[in-house]
Each structure stands twice: as structure tokens, then as C-alpha cells.
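We name chains A, B, ... by the order of the sequence lines, and we start the count at 1 in each one.
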Amino acid sequence: MKQSVRYLLKNFEALDQQEVTVYGWVKSNRAQKAFGFINLNDGTAFDTLQVVYESEFLDNFGSVSKYRVGSAIKAKGILTLTPNRRDPFEIKAREVELIGDSSEDYPIQPKRHTREFLRENAHLRPRTNLFNAVFRVRSILTHAIHSFFQERDFIHVATPIITASDAEGAGETFGVSMLDIKNPPLTEAKEIDYSKDFFQKKTNLTVSGQLEAEAFALSFRDVYTFGPTFRAENSNTKTHASEFWMLEPEIAFADLEDDMDLAEKMVKYLIKYIKEKAPKELEFFNRFVEKGLLKKLDYVLNSPFVRVTHHEAVKALKEAKKKFENTPDFNEDFATEHEKYLVKHFGGPVFIYDWPKNIKAFYMRLNDDQETVAAMDLLVPGSGELIGGSQREERLELLEKRMKEMNVPKEELQWYLDLRRYGSCKHAGYGMGFDRMLMYLTGIKNIRDVIPFPRTPRNCEF
RNA sequence: GCCUAAUUAGCUCAGUUGGUUAGAGCACAUGACUGUUAAUCAUGGGGUCCUAGGUUCGAGUCCUAGAUUGGGCGCCA
């Protein structure tokens, strides 16, 4: 019988003077002449468990006192309440056994390491306090997303990872091919002949599950897709990764207003959920990662998100006293400095909606002014653009016209146009960068530190 | 992709104007210690100063190129 540290932390009061067995890794070991202390972490809880070992109970006291940090051990002993000490209880060992030694050069020490060093040791960093907390919260956040949508009767749809659609926009994609790259089959025009490839056409890793999600929304009404996404851009920033996770809900019989309502409700739900399920972890982030994190989250929880049009936002930028490197323009997207100013100016998350049509994607619904589309971005402090969404163009003629204007090939997207031919209706959706949401919730400032084994340009270790 | 900074022990860092044998804390090893919790104390071992060239009587230190990493920006349905 073995107990997890999490179980003991929850039930220790009822287990006083009972024998328990724990397995885990040594976080620190402090030996004196006839007794010593091991702080044990088994990964099930953020906190460690103190194991007291004494020479009078152990034959192997000498070797136990030499167990190094990182070693895997088993400890059997008597759970004892210690109300006057720092920890509420401890284990008085009757048996301590080495399962897996950790050699002298174990890189993770009971001291502060730089994030860069830990990134290079991505296989060992989940053993540190910080990453133990980050990746537990990541797991809980995944669950929070599913429960938010499942509680609202959304259908989860697994959209494909490999697609043949290159029509979604200018985003660079990773190609998927089984052709011999040294000697590929060529067409008469001396171009690579993808008809000889595995799928008999050019394929790539997905940059979005949205188009397929739309098909399901026009069957199930409310759906969401949640999974990995791949971008081959040579982006070197702390908010971009080559492989990341994206959540994309899609709702039918709904407009942009409904879309923003859903996004706002969801963000608040996720914050509330994490506060409830990972209070220890949040407290840790609040102390050591971002001072004021809890205050920030509470503020977001309790105030309505500001909603301004792109036009109003640009106006606010133009009226700002601050000098920008890039001049704000009514027909342009924002630069990073503009986004930073806007979230500061509006004091928290802010929706920017009704964007000029020429800087947005072909599927976004044209507004009555003929100049803007029903698109929205949610900007948040620290993580930049957290959510981007729109109401979709449901009118076949207008959609076809827009595709022609933007050189989107129609042939590959006949199925997408079908959705407008057969029972079309207004619908909307958005995409949320899951990893950016996690950054926002934990205060971690680099996306590489919220992804277990991050992939970025020139880096695919592990 | 552009700009900028950094790279010295397992880790975090110091290293004077270019000049003796490159240092500290933690970690590791040995020992002391009857309640420690980043324990403490004593002693000890541990270095391709990122790589390749160059300048110089002499380079961790100066120059050139490259690699890697950080930060800023760009790209980003």
C-alpha cells in the first residue's frame, strides 16, 4: 500500500500514528549525528513531505544520511502530527530504501536557477517548484476549458492536424511530405509533383481548425476544437512558438456581440477555476513570479471588459501624449507598443472590434459600412493578443466576392462554400492561444516556460 | 529576419590598465553537531575562460569571424 503526498496532506489529521508508505524524490537531505531530515516530493503535490529518520530505528542510517538530492526513494513510517512545527505533520521513518540513485552532478540543486538553464534541462525542470506549479496549472487549465464548454453543451470536435488547405492566410506552414527531398518527382513544368505524394496533393500541418469547426457548428450549433497548431514563421519573441495549443469555439445563430460575451465569460470562468483548484500554485506565482498577480486576476474577474472599435482605439492612440515609433493608422494593425499602451490606457483586458477589412481574413463578415469587418481581438497585459475572433461571412455571394478579391482559391474550399449554400446562418467564433492564457494566469513572461518541451526556430530538442 | 547584450567550476557570478599559481557562494567528498527545513561549522577535490583565427614578449581581458543564449523589434488565420 502506498499513499501519495497529496492524499496525506488532505487526510493527515485522521492518520495520526498510522503507518504510511510514500515513494518520491529527495528535494533536500539534512543529516546530523543520530537523525536527519529528508524533504520528499512525489509530484502529486506542490508541497514536500518531511521524513525524519533516526539511527535507533534504521540499520542503514549511514547510507540514508548520504542520499543525494534527486534520488528516488521509498519511505515507510509513522505519520505524526507536529502542530508546533512548521509542517503540520511528518513521517517518522521505520524503513528508508534507495530506489534510484542520483549521481553527484545532478543539475537541479536546492537553489535558484535561471530560466535559461532550466530550459536546456527541460527533462528535469518539472522537478523544480516553479515548473511543478506551471505544469500542474497547465493540466488543470486544460480541464477547465473542457468543463466550461461541456457545461454549456458544446460539442468537442477533433479537427485534423494534417490538412491540404493552404487557403487560410499568409501564415507559413510546415509541409508534410513523404517524397524523397533529394530526388523528388517533377512535373513537366519542373515543379515538384505532389500528385505522387502520400496524399496525392501538397499537405501541411494545420494552422487553425476553424474552417472545419464551422462545418460542425452548422450541424451542432455550439462546438469547440482544442489541440496543437503549427506555425513555421521565423518568429523570435517570448509570445511565439512553432508548436502551440489553440482553443477555437464556434457558435451558430450568433453574432460578434455573442462571440465577445462568450469569450469574456470564458476568461472569467478559467480564472475562477484556477483560483479554486490551484490556490497554492497561484500564491507561489504571486510571490515569486509576478507580484500583484492575484490582485490583477481579481480585478479582471470583477470588472466588465472594455469594448472599443478599432477606430476608437486608433483615435485614443493618436490623442495619447506618448510618442510611438510607429504612427497609429486607421487602416493598419497595431504594433506591439500600441497594444501595450491600449491595455494600460484601458486598465485591463480590452476588446477591439470592427476592424478595417483590408487587414483581416477573407471569411470575416463585412459590416454595413462596407469598410470594416465584424472582427475582434482581446488584448491583455503581458500576453498581447490573447484571443482573436470574428463573425463569419455567411452570405455566399459576399464570401465569394471577398475570396476573389483576396486571391483565395475557390476550388479547394467548395466544401466551405457549401456551408453557405445549405442552411447558412450567422455564426461566429474565436481562437485563443492556450499557452498565452497560461502565461497570463501564471505571470510567466516567456512562452517557452509554459510549454513542456517547446519548439521554436532552431530548437527542437527533446 | 534586424538591432543589442552575454558566454569563466555541475549551478549562480566576480575577475582591476593586457602581466605571478583564475576566485567566491551553492553543489560534491570527508568530518563535527540531539529538531533541521535553501540547516550550520571545518577541511578537501573540481577550470578546453563558447569555438576558430589574429595582435602582442605576454590574452579570461584587445581585434575579426562563427555558434549558442537573453532582451527589444519585425513576421504572425
Side-chain angles (χ1 to χ4, degrees), chain A residues 26-41 47-56 65-66 68-70 80 82 84-87 90 92 102-121 124 128-129 163 165-173 204 206-214 229-242 244 246 248 324-326 333-340 359-364 375 377 384-385 388-390 392 406 408 429-431 433 436 445-446 448-449 456-459 461:
Chain A
V26 175
K27 288 279 268 194
S28 71
N29 186 4
R30 300 172 298 280
Q32 301 195 24
K33 193 176 191 176
F35 59 88
F37 308 91
I38 286 175
N39 283 94
L40 188 78
N41 187 288
D47 292 315
T48 57
L49 172 69
Q50 175 151 283
V51 176
V52 188
Y53 56 94
E54 295 153 284
S55 59
E56 67 173 297
S65 71
K66 298 216 158 22
R68 277 182 294 261
V69 174
T80 308
T82 51
N84 298 323
R85 299 197 194 285
R86 202 187 74 174
D87 300 332
E90 61 192 18
K92 297 228 185 258
S102 174
S103 64
E104 287 172 30
D105 54 3
Y106 182 58
I108 309 295
Q109 297 155 29
K111 59 166 282 192
R112 221 180 148 274
H113 295 283
T114 58
R115 303 278 167 83
E116 294 81 42
F117 171 74
L118 291 168
R119 252 170 240 158
E120 287 167 14
N121 291 279
L124 299 173
T128 63
N129 287 336
T163 78
S165 154
D166 197 23
E168 292 158 19
E172 290 289 314
T173 57
N204 49 270
T206 183
V207 293
S208 165
Q210 179 200 314
L211 302 189
E212 290 91 349
E214 280 187 54
T229 306
F230 307 87
R231 302 280 169 96
E233 275 105 29
N234 185 18
S235 297
N236 297 287
T237 82
K238 38 187 197 166
T239 48
H240 290 84
S242 311
F244 61 99
M246 191 154 65
E248 295 171 286
F324 296 109
E325 302 253 334
N326 307 279
D333 203 346
F334 299 118
T336 307
E337 56 175 342
H338 300 147
E339 293 183 353
K340 282 179 181 163
I359 57 168
K360 286 290 183 183
F362 73 92
Y363 50 74
M364 296 184 175
D377 278 7
E385 184 192 330
S390 69
R392 320 307 189 187
M406 297 179 78
V408 178
Y430 60 83
R436 288 187 183 177
K445 295 290 179 273
N446 194 313
R448 294 171 181 88
D449 296 330
T456 50
R458 297 184 305 282
N459 175 32
E461 297 300 310

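Contacts of A:Glu90 with the nucleic acid, taken as non-hydrogen atoms under 4.0 Å apart, include base atoms. A:Thr229 comes within 4.0 angstrom of no nucleic acid atom, judged by non-hydrogen atoms across all strands. A:Arg85 comes within 4.0 angstrom of a nucleotide base, judged by non-hydrogen atoms across all strands.
One C1' atom belongs to B:C26, the other to B:C41, and the distance between them is 16 Å to the nearest Å. Spacing between B:G44 and B:G23 at atom P, rounded to whole Å, works out to 14 Å. Rounded to whole Å, the separation between the C1' atoms of B:U17 and B:U30 comes to 43 Å. Look at the C1' atom in both B:C28 and B:C2: the space between them is 44 Å, to the nearest Å. A distance of about 24 Å separates the P atoms of B:A29 and B:G35, rounded to the whole Å. A distance of about 44 Å separates the P atoms of B:C75 and B:G60, rounded to the whole Å. Between B:A22 and B:U55, the distance separating the two P atoms is 25 Å to the nearest Å. For the P atom pair drawn from B:U61 and B:U8, the interatomic distance equals 13 Å after rounding to whole Å.
Phosphate proximity of B:U68 to A:Asn459: absent, as no side-chain N or O sits under 4.0 Å from OP1 or OP2. Regarding contacts with the backbone of B:U12, a side-chain N or O of A:Thr114 is found under 4.0 angstrom from either OP1 or OP2. Listed pair A:Arg30 / B:U36 fails the phosphate criterion, with no side-chain N or O lying under 4.0 Å from OP1 or OP2. The phosphate of B:C76 has neither OP1 nor OP2 within less than 4.0 Å of any side-chain N or O from A:Arg436.
A:Lys340 pairs by the salt bridge (Lys or Arg N to Asp or Glu O under 4.0 Å) definition with nothing, not counting sequence neighbours. Residues satisfying the salt bridge (Lys or Arg N to Asp or Glu O under 4.0 Å) test with A:Asp47, not counting sequence neighbours, are A:Lys280. A search for side chain to side chain contact (heavy atoms under 4.5 Å, CB included) contacts involving A:Asn41 returns A:Lys27, A:Thr48, A:Asn132, not counting sequence neighbours. Legend: residues meeting ring-ring contact (aromatic ring centres under 6.0 Å, His included) with A:Tyr430, ordered by chain and number and at least two apart, are absent. For A:Glu339, the salt bridge (Lys or Arg N to Asp or Glu O under 4.0 Å) criterion is met by no residue, not counting sequence neighbours. Scanning for side chain to side chain donor-acceptor pair (under 3.5 Å) contacts around A:Lys445 gives A:Glu290, with sequence neighbours left out. Not counting sequence neighbours, A:Arg448 has no partner by the salt bridge (Lys or Arg N to Asp or Glu O under 4.0 Å) test. Evaluation of the side chain to side chain donor-acceptor pair (under 3.5 Å) rule for A:Glu116 yields no partner, not counting sequence neighbours. Residues satisfying the side chain to side chain donor-acceptor pair (under 3.5 Å) test with A:Asp377, not counting sequence neighbours, are none.
Taking atom CD of residue A:Gln32 and atom C1' of nucleotide B:A42, one finds them 16 Å apart after rounding to whole Å. Rounded to a whole Å, the OH atom of A:Tyr53 is 14 Å from the P atom of B:U36. What separates CD1 of A:Ile108 from C1' of B:A38 is a distance of 15 Å, to the nearest Å. Nucleotide B:A29 holds its P atom 5 Å from the CD atom of A:Glu104, rounded to whole Å. Rounded to whole Å, the distance from NZ on A:Lys33 to C1' on B:C41 is 15 Å. Taking atom CG on A:Asn84 and atom P on B:G35, their separation rounds to 16 Å, with Å as the unit. At whole-Å resolution of the value, CG in A:Asn29 and C1' in B:G35 are 14 Å apart. Distance, A:Leu49 CG to B:U36 C1': 15 Å, rounded to whole Å.
No donor-acceptor distance shorter than 3.5 angstrom exists from the side chain of A:Arg119 to the backbone of A:Asp449, with no hydrogens or angles considered. Looking at A:Ser235, its side chain never comes within 3.5 Å of a backbone N or O of A:Thr237 through a donor-acceptor pair. Side chain of A:Glu461 to backbone of A:Glu120: no donor-acceptor contact under 3.5 angstrom is found. The closest donor-acceptor contact from the side chain of A:Glu248 to the backbone of A:Gly209 lies under 3.5 Å.
Residue order along RNA chain B, read from the 5' end via each residue's closest nucleotide, puts A:Val69 first among A:Val69 and A:Ala34. Remark on RNA chain B: of its neighbouring residues A:Arg68 and A:Val52, the 5'-side contact belongs to A:Arg68, judged by nearest-heavy-atom nucleotide.
Closest approach to the A:Gln50 side chain among B:U34, B:U36, B:G70 is made by B:U36 (side chain taken as heavy atoms from C-beta onward). Side-chain proximity of A:Glu120 to B:C28, B:U69, B:U36: nearest is B:U69. Each of B:G35, B:U30, B:U69 was ranked by its minimum atom distance to the side chain of A:Phe37; first place goes to B:G35. Counting only heavy atoms from C-beta on, A:Phe35 has its side chain closest to B:G35 among B:U69, B:A39, B:G35. Nearest to the side-chain atoms of A:Glu116 among the listed nucleotides B:U69, B:G31, B:U37 stands B:U69. Comparing B:U69, B:C11, B:A39 by their closest approach to the side chain of A:Arg119 singles out B:U69. Considering only side-chain atoms of A:Asp87, the nucleotide from B:U37, B:U34, B:U69 that sits closest is B:U37.
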Inset, instruction - Applying side-chain contact (heavy atoms from CB on, under 4.5 Å), run through A:Arg30 and A:Asn39 and close with a yes or a no. - result: CA-CA 9 Å; A:Arg30 300 172 298 280; A:Asn39 283 94; 2.9 Å; yes

Heteroatom pairs (N/O) under 3.5 angstrom, protein to nucleotides 73-75 of chain B:
unit_1: B:C73; atom_1: OP1; unit_2: A:Lys340; atom_2: NZ; d: 3.2
unit_1: B:C73; atom_1: N4; unit_2: A:Asn236; atom_2: O; d: 2.7
unit_1: B:G74; atom_1: OP2; unit_2: A:Thr336; atom_2: OG1; d: 2.7
unit_1: B:G74; atom_1: O6; unit_2: A:Asn236; atom_2: N; d: 2.8
unit_1: B:G74; atom_1: N1; unit_2: A:Asn234; atom_2: O; d: 3.2
unit_1: B:G74; atom_1: N2; unit_2: A:Asn234; atom_2: O; d: 3.1
unit_1: B:C75; atom_1: O2; unit_2: A:Ser235; atom_2: OG; d: 2.7
unit_1: B:C75; atom_1: N3; unit_2: A:Ser235; atom_2: OG; d: 2.6

Which pairs, protein N/O on one side and nucleotides 8-10 of chain B N/O on the other, fall under 3.5 Å?
unit_1: B:G10; atom_1: N2; unit_2: A:Gln109; atom_2: OE1; d: 2.8
unit_1: B:G10; atom_1: N2; unit_2: A:Gln109; atom_2: NE2; d: 2.7
unit_1: B:G10; atom_1: N3; unit_2: A:Gln109; atom_2: NE2; d: 3.2

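One N or O donor and one acceptor, one from the side chain of A:Lys92 and one from the base of B:G35, sit under 3.5 Å apart.
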Inset, instruction - Any chance you could encode RNA chain B as dot-bracket? Rule is Watson-Crick or G-U wobble with both distances under 3.5 Å; [ ] for pairs crossing earlier ones, | for another strand. - result: (((((((..((((.....[...)))).(((((.......))))).....(((((..]....))))))))))))....

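A donor atom on one side chain and an acceptor atom on the other are not found under 3.5 Å apart for A:Glu214 and A:Tyr363.
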